[in-house]
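These notes concern the structure reproduced below.
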Amino acid sequence: MFTTRVLRQAAQHAERTPSIKFLGKRTIPASVDHTPQPHPASPTHTLPKSFTEGSHTSFSSYRDHAQQFGPLRKTIAASQAGIGGLAGAQLGPVGAPTGFYFDRSELPERFHRAPLTLAEIEAVETGGAAAFA
Amino acid sequence: MLSQRLIGRAAARSAFRPSGLPTVIPAIRSTRTFASAAEDKDLVIIGGGVAGYVAAIKAGQEGMKVTCIEKRGTLGGTCLNVGCIPSKSLLNNSHLYHQILHDSKHRGIEVGDVKLNLAQLMKAKDTSVSGLTKGVEFLLKKNGVEYIKGAGTFQDEHTVKVQLNDGGETTVVGKNILIATGSEATPFPGLHIDEKRVVTSTGAIALTEVPKKMTVIGGGIIGLEMASVWSRLGSEVTVVEFLDQIGGPGMDLEIAKATQKILKKQGIIFKTGTKVLSGNTGGELVTLDVDAAKGGKQETLDADVVLVAIGRRPYTGGLGLENIGLELDERGRVIIDSEYRTKIPHIRCVGDVTFGPMLAHKAEEEAVAVVEYIKKGYGHVNYGCIPSVMYTSPEVAWVGQSEQDLKKAGIKYRIGTFPFSANSRAKTNLDTEGMVKILADPETDRLLGIHIIGPNAGEMIAEGTLALEYGASSEDVARTCHAHPTLSEAFKEAAMATHGKAIHF
C-alpha cells in the first residue's frame with residue numbers, strides 16, 4: 001500500500017509539467033480593439049462619458065483639429081498663422097514688390113541650389129579635364 | 001590646393017556682388033511665409049521625469065521626432081533629483097556609518113575615532129544625482145530628442161506654449177502629446193512647509209545638521225526611509241502613523257509588524273493609530289498635538305524638524321488643462337483609458353499624475369508602453385505585478401497580493417515562509433533578521449504574492465516578480481536550482497515550504 005503510494009508520487013513527479021512554458025517569440029496580436037476601455041488601475045473601473053462620445057460637435061469643428069500635415073486650424077489667430085491659418089489670397093502676391101529682393105538662401109531648403117560636389121567643382125575648374133584624369 | 005581654390009571662388013563672388021543692391025527687409029517674410037514656422041513633432045512630452053525621459057528615449061529609438069519639456073532644469077524628475085536616488089545615497093552611507101559605529105567591533109574590526117561629516121555625506125549624494133541627471137541628458141541627445149528647459153502649458157489640443165527657464169517663450173506643435181508631470185508631496189493642513197524645520201522628503205534629504213529630535217508624520221515608505229537615515233545619524237526619531245500598521249498600503253500585515261519590531265529595536269519610536277491634530281512652528285521647537293485614534297489621551301510632541309510624509313498628490317499646476325477641457329478625478333489624477341489616452345485621444349498621460357501606484361518603475365513601464373501604443377498600437381503593463389521596495393535595514397519588498405488582500409477578496413491561499421536565520425549566507429553575514437513569505441493558490445499552486453523582509457530583499461524581489469509575471473507555481477521556483485550559499489536560497493526554500501516542506505527549517 002505504502003509502496004504503491006510512493007511509486008505513484010514518484011511517477012507524478014517524473015511527469016511534472018512546469019507551469020512556465022515557452023510561448024514562442026512575442027508578436028503583436030493581429031486585431032487589437034482600440035475602443036476606449038477603463039484603465040486597469042482606475043479605482044472606479046469606468047470611463048467618463050466624454051471618452052465614448054466624440055469631443056467634436058460638428059464635422060467642421062473636427063476638421064479644424066484633424067491632423068494631416070499639422071492641424072488644419074482655420075480658426076487660429078492670424079498672428080499665429082501657420083499653414084492653413086489664412087487663405088492664400090489673403091497673404092498677398094508671391095512676387096516681391098519693386099525694390100525688394102529675395103535671397104535664395106531665405107527660401108525653404110528645397111528651393112536652394114543643389115550643393116556642388118568636390119568632383120563637380122574639380123570638373124568645372126579644369127574645364128572637364130578632371131573627369132578624365 | 002582645392003581649399004585655396006574654394007576660398008578664391010568665394011572671394012571672387014563677393015567682389016562681383018553689386019554694391020547698390022538693397023538688402024532684404026525681414027518684414028516681407030512676416031507677411032508671406034513659405035513653410036510653417038515650427039516643425040510639427042510626432043510626440044511632445046511635458047515632463048522630463050522618469051516617465052517623460054523614458055518615453056522620450058523610447059520614442060527617439062522608434063524613429064519619432066520628439067520634444068521633451070522640463071522646467072526643473074535637470075532631467076529625472078522627483079526620483080533622480082529629490083527622491084529615490086538621493087535618498088538611497090543617504091540610506092547607504094548612513095547605514096555604513098551606523099555599522100562602523102555599532103556593528104564592526106563584534107565582527108573583528110576595531111575602528112578608531114569615527115566622525116560624521118554631514119556636508120561630505122550630502123556632497124556624495126549630490127555627486128550621484130548630478131552624474132545620473134547628466135547621463136539622462138546625454139541619452140536624450142543620443143536618441144535625437146529635443147530637450148526644452150521650461151514650463152509647458154496647453155494652448156490648444158496640439159500646441160504647447162513653453163515659458164523658457166532662460167526667459168522668453170516658444171511654442172511646440174505635436175501630433176501626439178504626453179502628459180508626464182509627476183507628483184508633489186501632499187502638505188499637512190495647518191503646517192507651513194519651509195523645507196528647513198517643517199520639511200517634505202525634499203527638505204529631509206538636504207538638512208544641514210542632524211536634528212536632535214525629529215518627528216515624522218506618516219509611517220509609509222518615504223517616512224520610514226527618512227526616519228532610518230536620521231536615526232542612524234543620531235536623531236531621536238518618532239514616527240506618527242494614523243493607521244494601526246506601518247508601511248503603507250500593500251505591505252503584508254505580518255511583514256509590517258516584523259518591520260516595526262526591527263525598526264523599534266534600532267531606536268525609532270512608533271506611535272501608530274495616532275492622529276496629528278495640529279502643529280505649531282512659533283516656538284524654538286516645532287510642536288505637534290497628537291491624539292491616539294482609539295480613545296487614548298492627547299499629548300504634545302516637540303521636535304527640531306518635522307517631516308511631513310503623508311503621501312504624494314498628482315501635479316498638474318500650470319499645465320493649462322482647462323484650455324483643452326481635460327478632466328481630473330476627485331484626487332486630481334488625469335483620467336485615462338487602458339491605452340493611456342485622455343478623452344482627447346492624441347493626448348496621453350503616464351506616471352504619477354494618473355492612476356496606479358506612484359512608483360518610478362511603474363512610470364517607466366508605462367512610458368515604454370505608451371510609445372508602443374502610439375507607434376505600434378499595442379503595449380503591455382501588468383499592474384498586478386509591480387514590485388514595491390522599502391530600503392530600510394533590513395529591506396522590505398513585495399509583489400502581488402498580500403494576505404489581507406486575499407482575505408478581503410475571499411481568495412483561498414497557502415502560505416510558505418522561510419526565515420533568514422536559517423539561511424547559510426545570512427548567517428555568515430551576521431545579518432539574519434527577516435523572512436521570505438510566499439502566498440500561492442492551494443489548488444493550482446500558482447503564485448499569488450511574495451513578501452520579503454531581510455537583507456537584499458529589494459534585489460531578491462526581482463525573482464519573485466519574474467515568477468509572478470510568468471504565472472509560475474511555487475513548485476516551479478522550488479525546483480529551480482539556486483546557487484549556494486546565497487540569500488536567494490531562502491526564496492527557494494520558502495517556495496518549497498509553500499507546496500511541501502523546506503529542507504533547512
Side-chain angles (χ1 to χ4, degrees), chain A residues 13 16 18-21 23 26-29 32 34-44 47-53 55 64-65 67 69-71 73 75-76 79-86 91-94 96-97 99-103 106-111 118 121-122 124-125, chain B residues 2 5-6 9 21-25 28-29 31-38 40 155-159 171 173 175 325 327 329 331 335-346 354-357 362 372-373 376-378 380-384 444-446 467 470-473 475-476 479:
Chain A
H13 282 300
R16 193 187 82 86
S19 60
I20 303 178
K21 295 185 198 90
L23 300 173
R26 281 204 174 206
T27 48
I28 294 174
V32 180
H34 290 295
T35 51
Q37 304 293 333
H39 187 271
S42 154
T44 59
L47 278 176
K49 270 189 183 168
S50 53
F51 276 70
T52 42
E53 290 166 358
S55 56
D64 279 353
H65 293 87
Q67 280 273 306
F69 300 98
R73 288 171 296 164
T75 51
I76 58 175
S79 58
Q80 298 161 5
I83 285 182
L86 283 174
L91 294 170
V94 174
F100 291 91
Y101 296 88
F102 289 125
D103 191 277
E106 286 193 82
L107 295 175
E109 207 173 338
R110 64 182 184 278
F111 298 116
L118 287 179
I121 294 168
E122 281 291 301
V124 172
E125 293 279 327
Chain B
L2 186 66
R5 250 187 249 149
L6 284 173
R9 282 162 61 91
L21 205 64
T23 49
V24 179
I25 298 170
I28 293 172
R29 300 195 66 206
T31 54
R32 177 82 209 186
T33 53
F34 292 91
S36 55
D40 284 11
Q155 210 165 34
D156 62 43
E157 292 179 7
H158 283 282
T159 315
T171 54
V173 179
K175 289 173 188 161
E327 304 157 58
D329 76 355
R331 290 171 73 177
I335 302 173
I336 53 166
D337 69 7
S338 58
E339 297 190 4
Y340 309 103
R341 293 172 297 202
T342 62
K343 72 171 188 183
I344 304 164
H346 68 267
T354 187
F355 303 133
K362 170 261 191 186
E372 286 178 336
Y373 272 120
K376 302 170 185 169
Y378 188 68
H380 167 84
V381 177
N382 180 357
Y383 287 90
T444 62
D445 191 30
R446 187 176 175 158
Y470 280 12
S473 65
E475 191 177 348
D476 288 334
R479 288 188 183 279

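In this text the structure is predicted, and so the values were computed from the model without any measurement. In what follows, chains are A, B, ... by sequence order, proteins preceding strands, each numbered from 1.
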Identify which of A/Ser42, A/Pro40, A/Pro48 forms the greatest number of heavy-atom pairs closer than 4.5 Å to chain B. A/Ser42

Contact class of A/Pro38 relative to chain B, heavy atoms under 4.5 angstrom: backbone

Region of B/Glu327 that comes under 4.5 Å of a non-hydrogen atom in chain A: side chain

Taking the side chain as C-beta and beyond, is there a heavy-atom pair between B/Arg341 and A/His34 under 4.5 Å? yes

Would you confirm whether B/Asp445, through its side chain, and B/Glu475, through its main-chain N or O, come within 3.5 Å as a donor-acceptor pair? yes

Distance-only donor-acceptor check, side chains B/Glu157 and B/His346, under 3.5 Å: no

Pairwise distance OH(A/Tyr101) to CD(A/Glu106) - rounded to 0.5 angstrom: 14.5 Å

